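Note sheet for the following structure.
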Amino acid sequence: MTESPQAADFIRDIIAQDLANQVNNGRLQTRFPPEPNGYLHIGHAKSICLNFGVAAEHAGGRCNLRFDDTNPEKEDVEYVDSIQEDVRWLGFDWEDRKFYASDYFAPLYQYAEELILKGKAYVCDLSAAQMREYRGTLTEPGRNSPCRDRSVEENLDLFRRMRAGEFPDGARVLRARIDMASPNMNMRDPALYRIRRVEHHRTGNEWLIYPTYDYAHGISDALECVTHSLCTLEFEDHRPLYDWILDQLDLPCRPRQIEFSRLSLEYTVMSKRKLNALVQSGVVSGWDDPRMPTISGLRRRGYTPESIREFCRCIGISKSPNRVEHTLLETCLRSDLETRSPRTMAVLRPLKVVIDSLPEGFEQPLSVAVHPQNEAMGKRTIFLTREIFIEQEDFRETATKQYKRLVAGGEVRLRNAYVIRCREVIKDPASGAIVELRCDHDPETLNANPVGRKVAGVIHWVSATRSVVGEARLYAPLFTVPEPDALKGEIVEQVNPDSVEIVTGCRFEPELAGAGGGLPYQFERLGYFHRDRDSTPDHPVFNRAVGLRDVWSKNESRG
RNA sequence: UGGGCCGUCGCCAAGCGGUAAGGCCCCGGAUUUUGAUUCCGGCAUACCCAGGUUCGAAUCCUGGCGGCCCAGCCA
C-alpha cells in the first residue's frame, strides 16, 4: 500500500528540537519496553510505531527492544517469544539491541547500595499493610516509617542480608528516602526493591530481591543511553521519581521521559488483565483468536502489518483522551488489500442453479483477472458448468426495483460470465424453501452487454463441480457496546455471544483448497478473507478479516 | 477533596497572536461485469464556558465547568 507520510506530533517536535540543539550530542535513542506478561495488542503497536518509527526518521536514530522483566511472578518466556515475533512481523528491527532489565540486575544492585550510602534509601520493616497506612491518602500526607532514620551502616547491612536471603518474602523492602508529605503519592518513599523467592525466567534463582519498575526503568534507560523515553500518560506522575533517581546517581546518560495517551478502540478492551481473563476463561480460543485486538489476533484475522502501521499513522500521537472508531482500523485494512489482494469468487450460502440452456456435462474455461485493476497480477481460470451455485441472498422471488440481483423471471449477470434469466423456482414441497433455480443463459453476453436492454445486477457464483467445500468464519465485535471498559461485572460475561458465526458448506474456487497463508483474498462482493491455520488440504477455513463497504444493505435495512 | 494531565466537527488530529489543515465517518453526484474501487462536490462564522488584554485570540491572562490518571512490595 502507499503508506501516508508521517505527520509531526508533539513528541517528534520535541525530538527534532533536541536534535537541532545538540542535546545528547545529537543522538537519538528510543526503546520499546514491553513487560513479558502477555501478548502485544494494537495499543502496543502504537508505541512500537512511535519508538521504532521516530528512530528510523533520523539518521543514526536507534530503537532498542527491552523486556521490562522486573517482576518474575507474572512473566514468562512464552511472552518474550511472542513479543519478538509480533514486533518483527510489524516490520521493525532492533538489530543486535535486544535487552532485558534483568541484564542490569547487578548494576542496579550496586546503584542501590550507592543510594543507601548517600542516605537516599533505607530498608523498611513495615508490612505491606502498614506501608499503606503510613502512606496517607490523596488529601492527607503520609507519616515517616519508623525505619526511615536508620544508619547507613545498618541499611547497608540489612540490604545485603535481604539479598543473601536472610529474611522471608515481603519482610522488608528497600525504599527511596524522598518525602512522605509529597502531594505526589509516588514520591512518598516508594519501594525500590522487594524480596521475592520466585524463579526468574532468565536469571533463575540467582536473585531473591527484585527491583521495582520505578527504580529499574530510568536506570535501564540511562545504561542504554536512551535519549527519549516514551511512555503512556499514566506514568506522568512517575516522572518526578524517574528524574529523582537519575539525579542521585552518576550515570553515563540522561534520558528524558515524555508521555502520550494510550490507544482505546471502540467495542474492545485493551488491558492485558482483561485480555488475559478472556483467554483464561476460554470465551476466546486464545491470544490469537481473530476477535482479539492482539497483534497475533489481528494477524490471524487477516490484518497486514502495513494496514496496522497505517492505522497508527492515522490516529496520531497526542495527550488527549481518545477512543478510536473501529471503522478506521477497517478502512486501513480495506485500503491496503484493495490494491493488492487477489480476487476470487466464493459462495458462502449456496443456492443451486441449473442452466438448462447448457448441455449436460458442459464445461467452459474462462480466463479472468486476478485483480481487475492490476493486470500485472495475471489471470486465473474458472469453469462455467451447467450446475452452479449462487449466494442465497442474491435471489428473491419478488423484489422492489432497488434490488439489482436475480428475481423470478428476471435477468442478472454472472460475474465474469454470461447473463442468465431465471425461468423457474423449484421449492421443497414440504417446507416451501427454495432449493433450486432453473435458468437460461444468453450466449451473446460473454464480455459483451446484451443489446436492447440493460442488466444492472452482477452476482458472483461458483461451479458446482469445479469447486471445493469449506468453512467461513464471520466476526463481529467482541463487545456490543462501544465502551466495554465501562461495563459492570465480569468482563468475560459481557462478551458478544454472536461475535463469531461459523458458516459451513461454503463453496470456493478449487485453488483455495491449497492456498498458502499469504495475503488475504478478496471474495468478490463479500470482503477480504484470510486462510485460517485450522484449514486442512480438503477443508479450507477462511476468516473474514473485514467486509467490503456495503451501502446497499445499510440503506435497505434502514428502509 | 491533594497532585498531575486533558478539553478544536460524530471519531482521530493540525494549529504555538493575523482571521479554523488533513484523515475517518457521513451526505450528494459521475464512472463501473465487485451495490466494491476510483473520481468529483458538500460537511466547525467556529475552537468546554464566562470575563479580560489586543487593531486582531482556538492561540495570552483570570475565573469557572467537564473528563482521565495516582493511595501495588504491578508495569
Side-chain angles (χ1 to χ4, degrees), chain A residues 4 7-9 13 33-35 37 68 70-71 73-75 124 126-128 131-132 135-142 169-175 182-188 190-196 209-210 212-214 216-217 231-240 259 261 263 266 272-273 313-332 334-335 338-339 343 345 368 372-373 402-405 413-417 419 445-449 455-460 482 522-527 547-556:
Chain A
S4 328
D9 53 61
D13 289 347
E35 184 189 11
N37 68 343
D68 221 332
T70 56
N71 184 1
E73 286 182 313
K74 300 182 175 176
E75 296 152 8
C124 183
L126 258 27
S127 69
M131 257 184 78
R132 195 175 317 125
R135 188 154 33 229
T137 68
L138 294 179
T139 51
E140 304 155 36
D169 285 12
R172 293 180 218 260
V173 294
L174 182 72
R175 290 228 254 170
S182 171
N184 182 343
M185 301 295 285
N186 296 302
M187 299 299 268
R188 321 246 261 226
L192 268 24
Y193 265 94
R194 59 310 210 183
I195 307 172
R196 275 302 109 87
I209 57 173
Y210 291 97
T212 59
Y213 164 86
D214 281 316
H217 203 87
C231 63
T232 43
L233 245 29
E234 66 271 25
F235 293 103
E236 220 157 11
D237 287 343
H238 295 241
R239 185 168 9 112
E259 313 84 11
S261 53
L263 168 68
E266 280 186 349
K272 275 199 235 175
R273 205 206 99 240
R313 259 186 299 274
C314 285
I315 58 177
I317 297 288
S318 75
K319 299 183 75 160
S320 345
N322 63 77
R323 178 151 234 120
V324 176
E325 293 176 334
H326 78 308
T327 168
L328 181 61
L329 222 204
E330 296 179 335
T331 297
C332 291
R334 286 195 194 103
S335 78
E338 160 57 27
T339 57
R343 313 285 127 129
M345 292 196 286
V368 308
Q373 275 87 241
Q402 317 306 316
Y403 187 79
K404 299 201 314 194
R405 286 109 101 153
R413 173 174 293 282
L414 295 178
R415 172 106 170 123
N416 297 127
V419 170
T445 55
L446 186 65
N447 301 318
N449 283 323
V455 175
V458 180
I459 64 173
H460 60 275
Q522 187 196 90
F523 289 3
E524 286 190 297
R525 299 212 309 130
L526 294 176
L548 258 26
R549 194 171 273 111
D550 182 9
V551 295
W552 152 254
S553 67
K554 205 184 335 180
N555 290 338
E556 197 189 32

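Keep in mind that this is a model prediction, so the values were computed, not measured. Just so we're on the same page: letters track the sequence lines, and every chain starts at 1.
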Using a cut-off of 4.0 Å on non-hydrogen atoms, how would the nucleic acid contact of A:Asp237 be classed: base, sugar-phosphate, or nothing?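 Since a base atom lies under 4.0 Å of A:Asp237, the category is base.
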
I'd like to know if [X] reaches the base of [N] with its side chain such that a donor and an acceptor end up less than 3.5 angstrom apart.
{"X": "A:Arg549", "N": "B:rG35", "result": "no"}
{"X": "A:Arg323", "N": "B:rC11", "result": "no"}
{"X": "A:Arg413", "N": "B:rU33", "result": "yes"}
{"X": "A:Glu140", "N": "B:rG2", "result": "no"}

Think [X] has a side-chain N or O under 4.0 angstrom from the OP1 or OP2 of [N]?
{"X": "A:Arg273", "N": "B:rA75", "value": "no"}
{"X": "A:Thr70", "N": "B:rA75", "value": "yes"}
{"X": "A:Lys554", "N": "B:rC26", "value": "yes"}
{"X": "A:Arg343", "N": "B:rU37", "value": "no"}
{"X": "A:Arg313", "N": "B:rA13", "value": "no"}
{"X": "A:Arg334", "N": "B:rU38", "value": "no"}
{"X": "A:Ser318", "N": "B:rA14", "value": "no"}
{"X": "A:Arg239", "N": "B:rG4", "value": "no"}

Q. A:Ser261 or A:Val458: which one's nearest nucleotide on RNA chain B is closer to the 5' end?
A.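 Taking each residue's closest nucleotide, the earlier one in sequence belongs to A:Ser261.
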
**OP:** Specify the residue among A:Thr139 and A:Lys404 whose closest nucleotide of RNA chain B lies further upstream toward the 5′ end.
**Re:**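 The residue closer to the strand's 5' end, by nearest nucleotide, is A:Thr139.
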
Closest to side chain of [X], choosing from [options]:
{"X": "A:Arg194", "options": "B:rA75, B:rU34, B:rA71", "value": "B:rA75"}
{"X": "A:Asp550", "options": "B:rG35, B:rA14, B:rC25", "value": "B:rG35"}
{"X": "A:Arg525", "options": "B:rC25, B:rG35, B:rC73", "value": "B:rG35"}

Per-pair stack call A:Tyr213 and B:rA75, 5.5 Å, 30°: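 The ring of A:Tyr213 is not stacked on B:rA75.
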
Should [N] form a Watson-Crick or G-U wobble pair with both distances under 3.5 Å, which nucleotide is its partner?
{"N": "B:rU31", "result": "none"}
{"N": "B:rG10", "result": "B:rC24"}
{"N": "B:rC47", "result": "none"}
{"N": "B:rC68", "result": "B:rG4"}

